[in-house]
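Reviewing the structure listed below.
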Amino acid sequence: MPELPEVEVTRRQLEPLLVGRRILAVTATAASRFFLTPPASVRRRLPGRRILGLDRIGKHLLVRLDSGDRLLLHLGMTGQIFGAGAASVRLMSSTAGASLSPERQTGGFAGDRHTHLRLRFEDGGPDVLFRDVRRFGRVQLLRPGEPPERLAQLGPDALEVRAGPLAAAVRRRAAAIKAVLLDQSVLAGVGNIYADEALFLSGIRPARRARSLDAAECRRLAGALRRVLRRAIATGGSSISDFVRPDGTDGAYQDERHVYGRTGEPCRRCRTPIRRLVIGGRSSHFCPRCQR
DNA sequence: CACTTCCCCTGCAAGC
DNA sequence: TGCTTGCAGGGGAAGT
């Protein structure tokens, strides 16, 4: 699900649910790729810690703890973080959803086999759960001063992208502009949906070689990226297959999409059918008439 | 290096 | 109805 806007929406809703609370106990599923730090270690080191803040870096969430440790969370494709009292947590597995629905209605979602991390708090308030069906998400507990390698390699946050630096990065790359936008070391936070949408808004085809973009196109692209990301945050993100906000409600940006997932449907500007092609193993959507 | 492909997982929808 | 195939918003490893 989650690209920068969805992660930022999650951060904003989660912050009041986390900050100031002291962790009482942690439950976690068995060791797997999901846990970059072994779950036994996470269970041992978190209890007793108070949460000081919640930051977003690209598509990562960073929970700051009073011990100086930081809990790094990544939602992958299907990650959901929410309070146990979320009004209507929409679950991906229909079978699990059906069997759990009475509990969800009473605000007591007990977790299921896809719930990999659960925090309980000393104040007895709602638990916070991290659920991820496909397990492409990640959990890592960083010690004070421990360099988080995965963060160090990130480019500037896409919300703040400027035309100049974008042009400089793009000029050196022979790959398709779409692939370059997805490269987190160039720009942190852009994913498949918003790359396609920003390319549409700036009139650039996704398969164009990055270094073929001129200065005006880089300016339009930087502006389109900022605009589409800000608008997506304002509308609560895109809920296309399984993104739900921590409060259990859907975002609304999917209703404003121009190209993503609209293959064969008429362009909203010129009525030409939207085309799809695969770039760097990811589907890309564009209007052959509005985009050059 | 830069670039591409494969693969990790599970669930769903479409086609037969 | 049941089986198979393709597809999914991320990203790291391994290949060329």
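Naming: A, B, ... by sequence-line order, numbering from 1 per chain.
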**Asked** Considering every strand shown, what is the Watson-Crick or G-U wobble mate of dC9(B) when both distances are under 3.5 Å?
**Response** none
**Item:** Arg33(A) side chain, from C-beta outward: closest of dG11(C), dG12(C), dC8(B)
**Value:** dC8(B)
**Asked** Got a sec: does the CZ of Arg22(A) have more than 12 other heavy atoms crowding it under 6.0 Å?
**Response** yes
**Spacing of Arg134(A) atom CZ relative to dG10(C) atom P, expressed in whole Å** = 10 Å
**Request:** Kindly check if the number of other-residue, nucleotide or ligand heavy atoms within 6.0 Å of CZ (Arg230(A)) is above 12?
**Result:** yes
**Prompt:** Taking only side-chain nitrogens and oxygens of Thr78(A), does any of them come within less than 4.0 Å of OP1 or OP2 of dC9(B)?
**Reply:** no
**Request:** For Arg173(A), report the nucleic acid contact type (base, sugar-phosphate, nothing); a contact means any heavy atom under 4.0 Å.
**Result:** sugar-phosphate
**Message:** Counting only side-chain heavy atoms from C-beta out, which of dG11(C), dG12(C), dC9(B) sits nearest to Lys59(A)?
**Reply:** dG11(C)
**Nearest to side-chain heavy atoms of Gln184(A), which nucleotide of dC8(B), dG11(C), dA8(C)** = dG11(C)
**Message:** With rounding to the closest Å, how many angstrom separate the P atoms on dC6(B) and dG6(C)?
**Reply:** 14 Å
**Complete:** note: His285(A), atom NE2; dA8(C), atom P; distance rounded to Å ~ 7 Å
**Request:** Could you state the atom-to-atom distance from NE2 of His60(A) to P of dG12(C) in whole Å?
**Result:** 7 Å
**Complete:** Among dG11(B), dC7(C), dG10(C), the one nearest any side-chain atom of Arg276(A) is dC7(C)
**Prompt:** Between Arg231(A) and Glu256(A), does at least one N-O distance fall below 4.0 Å, as a salt bridge requires?
**Reply:** yes
**Item:** Whole angstrom value for the distance that separates P of dG10(C) from CG of Leu36(A)
**Value:** 18 Å
**Request:** For the side chain of His114(A), starting at C-beta, report the closest nucleotide among dA8(C), dG11(B), dG10(C).
**Result:** dG11(B)
**Asked** How long is the line joining CG of Leu75(A) and P of dT10(B), in whole Å?
**Response** 18 Å
**Asked** dG10(C) phosphate, OP1 or OP2: any side-chain N/O from His74(A) under 4.0 angstrom?
**Response** no
**Request:** Evaluate the ring planes of Tyr194(A) and Tyr253(A), with Trp represented by its six-membered ring, and classify them as parallel (under 30°), tilted (30 to 60°) or perpendicular (over 60°).
**Result:** tilted
**Prompt:** Using a cut-off of 4.0 Å on non-hydrogen atoms, how would the nucleic acid contact of Gly191(A) be classed: base, sugar-phosphate, or nothing?
**Reply:** sugar-phosphate
**Pairing of Asp69(A) and Arg45(A) as salt bridge, 4.0 angstrom limit** = yes
**Distance in angstrom units between Arg135(A) CZ and dT10(B) P, rounded** = 5 Å
**Request:** Send over the distance from Phe34(A) CZ to dT10(B) C1', rounded to a whole Å.
**Result:** 14 Å
**Prompt:** Given the side-chain rings of Phe130(A) and Phe34(A), with only the six-membered ring counted for Trp, is the space between their centroids under 6.0 Å?
**Reply:** yes
**Complete:** Testing dC3(B), dC8(B), dA8(C) for proximity to the side chain of Ala174(A), the answer is dC3(B)
**Item:** Nucleotide of dC8(B), dT10(B), dC3(B) approaching Arg113(A) most closely (side-chain heavy atoms)
**Value:** dT10(B)
**Request:** To the nearest Å, give me how far apart CG (Asp112(A)) and C1' (dC9(B)) are.
**Result:** 15 Å
